[in-house]
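To start, the structure itself, in structure tokens.
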There are 2 protein chains.
Amino acid sequence: MNERELCWMTAAELGERIARRDVSPVEVIDAYLARAERLNPHLNSFLTVLAEPARAAARHAEQELARGERRGPLHGVPVALKDIVSTRGVRTTMGSKIFADHVPTADATIVERFRTAGAIVVAKAHTHEFAYGPTSNNPHYGPCRNPWDRQRVPGGSSGGSAASVAAAMVPIAIGSDTGGSIRVPGALCGIIGLKATYGRVSRYGVFAVSWALDHIGPLTRTARDAALALGAIAGHDARDPWSSRAPVPDYAAALSGDVRGLRVGVLREHFDEPLDDEVRRVVAAAVQRLADLGAAVDEVSIPIAAYARPISNVIMGVDSVAVHRQLLRERAADYGADVRQRFPVPVALTGADYVRAQQARTRLIADVGAAHERFDVLVGPTAPIAAPPIGQATVVLGGQELPVPPTLASLTRLSNLTGFPTVSVACGYTAAGLPIGLQIAGRPLEEATVLRVADAYERATADERRRPPVDDLV
Amino acid sequence: MNERELCWMTAAELGERIARRDVSPVEVIDAYLARAERLNPHLNSFLTVLAEPARAAARHAEQELARGERRGPLHGVPVALKDIVSTRGVRTTMGSKIFADHVPTADATIVERFRTAGAIVVAKAHTHEFAYGPTSNNPHYGPCRNPWDRQRVPGGSSGGSAASVAAAMVPIAIGSDTGGSIRVPGALCGIIGLKATYGRVSRYGVFAVSWALDHIGPLTRTARDAALALGAIAGHDARDPWSSRAPVPDYAAALSGDVRGLRVGVLREHFDEPLDDEVRRVVAAAVQRLADLGAAVDEVSIPIAAYARPISNVIMGVDSVAVHRQLLRERAADYGADVRQRFPVPVALTGADYVRAQQARTRLIADVGAAHERFDVLVGPTAPIAAPPIGQATVVLGGQELPVPPTLASLTRLSNLTGFPTVSVACGYTAAGLPIGLQIAGRPLEEATVLRVADAYERATADERRRPPVDDLV
């Protein structure tokens, strides 16, 4: 097995081969570290590589297997973590200059869970500064680059996580998603980005953008890998007061490949937003594919969904002021311009403004919940455009010149407001070869359903999948 | 059956006798209207009496019974509604001068539900102005008076509801509770006040104090009547986006009288607050009575419970600004001084201040939830003092001179923050003959459990119950 083959394996297959002793965790980790060493200078998707700790963990994982001990399907499988996830003894920058030398004294809960599952943390991934933006164009650590076109952004804020997985530098990377920060880079990098139900994954030890909207989740190349990763990290954590106590099912077991009879609602408001023509065409074809597979597809309108952006702006903005208030007073000059300029408006918002936004959000949740009485999943495009060039400020859609950052996240904010589980799955390419994402949202705690749809779609389109050009650099 | 006998019946007994045709709904309504006519001038607990509509409804209820149609246990039973509950075609003042002539064009959901259950609305009950205060000393409609001592307040803001039930002017009255506004008057008037789980009872058509803290619930003279009233009004309502979809159990069926083995936590922080000596002694004896009945009683400390007041102040204050912003701009002079003075501080609070309070609230919910892993219910005093004289501004407790309004609500705010179901049951009297309340809080949606404890306590102490002196005026 050569290094490239090993790195393009899914986490599921890697885990099985490790369990069968076809390949050792040490070989696996060495292969991924070698690939990362060659590709990271081109992508800047890893901010910190944990070469020695990962090798030590691999040796330990190998010893366990030699004793007949296997921790689970991810035993010996490498993972990367967005660099807002605290790692004990390992620099955690938050993508900020202020935390450039910050070394946490404790692990985030999800780090403990991955370790318990036998997974091996190999790197801390690039992020938009403080996870607060959708481009991963970071003034302190340089831009992260898209493996499909290195002159373009990978999306953000979990751009490093997405680019690394898309480039096969790691099969699983953790991201966070407050307005689309897992799903947008998932779409722009042609992989799976899964935002689980609010409270499903502990946020303890992860730097916050918004207590009300933040979600943690995996980026992977297949729905099955997302199911395995979520299974490892989901579950109640008393250290996160918003953590759900619902039991964690076997997500992978639900991936039957069968969507016959599943009721799919095509969310009209997400096609009414300014939308690139290629994106519209490719996503419409993907929805048709679900119908061909036997799903019952119908259009649904949820008028309040069109207001997700302003509602989210108030909640995210005010919540982030609560997080950054002290730092902004003391270190404002150490913020990059694009993040710093996000605060003056929400600083001036009153408590009553926030309450009104939360009330509107509650109405929105009720309306989306009502739509889910008729539909098992709601679908649409994940992002209205494919990856834009690094540094490009605006994009023209439907004759309007629109700012890139809010446009990238215009279709993902809805599911941060509802808290409902939502996945982006790669569903095709632009003529220029840039990936496009199909967004699939489900009912609370029905991660298995959205993953089942994504998995069925992947199976049906397996022949059409490509590898990004960056692979040729290895 | 004379009028007094009829009026001192419980709703449960009235409903049964009506069903047996021992007494007709028309006789029942006439008896209650006659009693109200005699007592209301002394108590001022009804702002509007619906004499003719109630008589018409009673005739209709009688016709239904004659046809063999019985709507349920409340068929023909009179109820009163706090005057913030919208009634179609009937003046609904909100206790405010501004709404003195306001006639809603639609009923609140709970009004529809009562009608469906066969209950008959006989009056709109006095309330603190805009339900925003714990004394029911209303500058526009005069003070409501306590049936146990007419120089004293009935508590608030649902003081009219509590006084009416305590004086047997009606067996069931609806109140609302944002910081204790059902339970405090329940305690001060010697009756049951039940705040169900947040979202259990629809708030559609009820004037809001705080979207995050408001609860609707019944005041009754027995736990069984509260069970019947809650059963009639609880349940999902699509018009209230915070409404719970959980099924509604048969609350009355759970009243077994048996609390053996039930784990009762005595909340230390609620005994550490400034507390009147008589209240402390009577409540401690009531807790001992639960132990005598076979409950497993132990002390529990939840340190964050001591911070319920400041957390609640921010949330309630800011929420109420969102409700009153417009009215305050246009009609500030038409507010009474005590309500008007509540707004300047929360108007100045920022969104981030509100977020911090909601974060603290979430921690508090988690900590109280954790205590409920060990305890089925948490108990303590409902209010730290018995009913104070009307107009008295301060009270001396433990050597401190404290303002009356926040003191009255100091032990009830916790359950508005958690949203957990909580009941106040009469548990004894001061030497001067004023009632004292025992507060019992349970797990989310476990209304049946807190009612079971209250009912068991009532059965064990049936011999000790008194009627208020106002009864002698009839």
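Sequence lines set the chain letters: A, B, ... in the order given, protein chains first and strands last, and positions in each chain run from 1.
- Residue contact with chain A, scored on non-hydrogen atoms closer than 4.5 Å, is absent for B/Ala348.
- B/Ala196 approaches B/Val201 most closely through the heavy-atom pair CB-CG2, 4.5 Å.
- For chain A, the option among B/Val323, B/Leu349, B/Ile315 with the highest count of heavy-atom pairs below 4.5 Å is B/Leu349.
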Derivation of the side-chain contact (heavy atoms from CB on, under 4.5 Å) call for A/Phe130 and A/Val209: CA-CA 7 Å; A/Phe130 286 119; A/Val209 176; 6.0 Å; no
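- Side-chain contact between A/Leu414 and A/Leu364 is present, with heavy atoms from C-beta onward closer than 4.5 Å.
- Using a 4.5 Å cut-off between heavy atoms, B/Ala366 contacts chain A through its side chain alone, with no backbone atom that close.
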Verdict with supporting geometry, B/Val368 and B/Leu378, side-chain contact (heavy atoms from CB on, under 4.5 Å): CA-CA 9 Å; B/Val368 177; B/Leu378 301 176; 4.0 Å; yes
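- For the pair A/Leu327 and A/Phe99, the minimum side-chain heavy-atom distance is below 4.5 Å.
- Chain B forms more heavy-atom pairs under 4.5 Å with one residue of A/Ala352, A/Pro346, A/Gly317 than with any other, namely A/Ala352.
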Output the donor-acceptor atom pairs between chain A and chain B under 3.5 Å, with atom names and distances to 0.1 Å.
| unit_1 | atom_1 | unit_2 | atom_2 | d |
| --- | --- | --- | --- | --- |
| A/Trp242 | NE1 | B/Thr362 | OG1 | 3.3 |
| A/Arg245 | NH1 | B/Glu373 | OE2 | 3.1 |
| A/Arg245 | NH2 | B/Glu373 | OE2 | 3.3 |
| A/Ala322 | O | B/Arg356 | NE | 3.4 |
| A/Ala322 | O | B/Arg356 | NH2 | 2.3 |
| A/Arg325 | NH1 | B/Asp353 | OD1 | 3.2 |
| A/Leu349 | O | B/Gly351 | N | 3.0 |
| A/Gly351 | N | B/Leu349 | O | 3.0 |
| A/Asp353 | OD1 | B/Arg325 | NH1 | 3.2 |
| A/Arg356 | NE | B/Ala322 | O | 3.3 |
| A/Arg356 | NH2 | B/Ala322 | O | 2.3 |
| A/Thr362 | OG1 | B/Trp242 | NE1 | 3.3 |
| A/Glu373 | OE2 | B/Arg245 | NH1 | 3.1 |
| A/Glu373 | OE2 | B/Arg245 | NH2 | 3.2 |

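- Here A/Ile216 contributes atom CD1 and A/Leu230 contributes atom CG; the two are 12.0 Å apart, rounded to the nearest 0.5 Å.
- No side-chain heavy atom of B/Val377 sits under 4.5 Å from any side-chain heavy atom of B/Phe420.
- Side-chain contact check for A/Phe343 versus A/Val321: some heavy-atom pair is nearer than 4.5 Å.
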